[in-house]
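Notes for the one structure printed next.
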Amino acid sequence: MAYWLMKSEPEVYSIDDFRRDQRTLWTGVRNYQARNFMMADHPTAMKLGDSFIFYHSNAEPSAAVGLGKIHRLSVPDPEQFQKKSEYFEPRATKAKPIWYCAEVEFELRFARPVTLEEMRGEKALAKLELLKRGTRLSIFPMSEAEFQHILRMGSGD
DNA sequence: GCCAACGTTGGC
DNA sequence: GCCAACGTTGGC
């Protein structure tokens, strides 16, 4: 069982959208390292049933806001085939897709958001990828201890 | 809206 | 296969 953080801009797809949908495809990832996490046969891949922190990036405030589970891996990202999508990929074919995504399942919305600023103040989270300077990766793994720590912070008083 | 950081592209 | 230019991410 591994733990992850996945970023989404709430203006594009928020935790409330996720709660409404219950299940969604994590489309639009256009970075190879992040994509590889979502490809089942890749050495760095997620496992079905792994949990992740849902994080609002480019938000006011940017914050961890909930949890989800990995439900399916290696799903060709349908947006790469859609000419009108901003994620259209002309090099991709149905037979040879380039971009893949995971299907994820809603688990819970935190009682209160755990802001980036708060996380920066936590010693237990000092090594979290999110807090490293210049990190732009939209999906990355974290330890169980870090995951539980953020979950506790989000569970309210 | 600015801009630092960094991944990607493409000329050579 | 180097690396400058360019585009994107995402905090502020």
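Proteins get letters first, then strands, A, B, ... in listed order; numbering begins at 1 in each.
Using a 4.0 Å cut-off on heavy atoms, the residues of residues 29-38 of chain A that approach DNA chain B are A:N31, A:Y32, listed by number.
The shortest non-hydrogen separation linking A:A34 to A:V29 is CB-CG1, 3.5 Å.
For DNA chain C, the contact window with chain A, defined by any atom under 4.0 Å from a protein heavy atom, covers C:dG7 to C:dC12 in 5' to 3' order.
Residues A:F106 and A:R23 fail the side-chain proximity criterion, which asks for heavy atoms closer than 4.5 Å.
Here A:W26 and A:F54 bring their ring centres to under 6.0 angstrom of each other. Remark: aromatic rings of A:F81 and A:W99 are distant, center separation not under 6.0 Å. Taking the six-membered ring for Trp and the full ring otherwise, A:W4 and A:F140 have centroids separated by 6.0 Å or more.
In this structure, A:R112 pairs ionically with A:E118, as a charged nitrogen and a carboxylate oxygen lie closer than 4.0 Å.
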Inset, instruction - Evaluate the salt bridge (charged side-chain N to carboxylate O under 4.0 Å, His left out) criterion for residues A:R120 and A:E117: first the C-alpha distance (whole Å), next the side-chain angles of each, then the deciding distance (0.1 Å), finally the verdict. - result: CA-CA 5 Å; A:R120 285 196 197 284; A:E117 192 187 5; over 6 Å; no
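Residues A:N58 and A:R91 both approach DNA chain B. Their nearest nucleotides, taken by heavy-atom distance, put A:N58 toward the 5′ side.
For A:S14 (side chain) and A:D16 (main-chain N/O), a donor-acceptor pair under 3.5 Å exists by modelled atom type.
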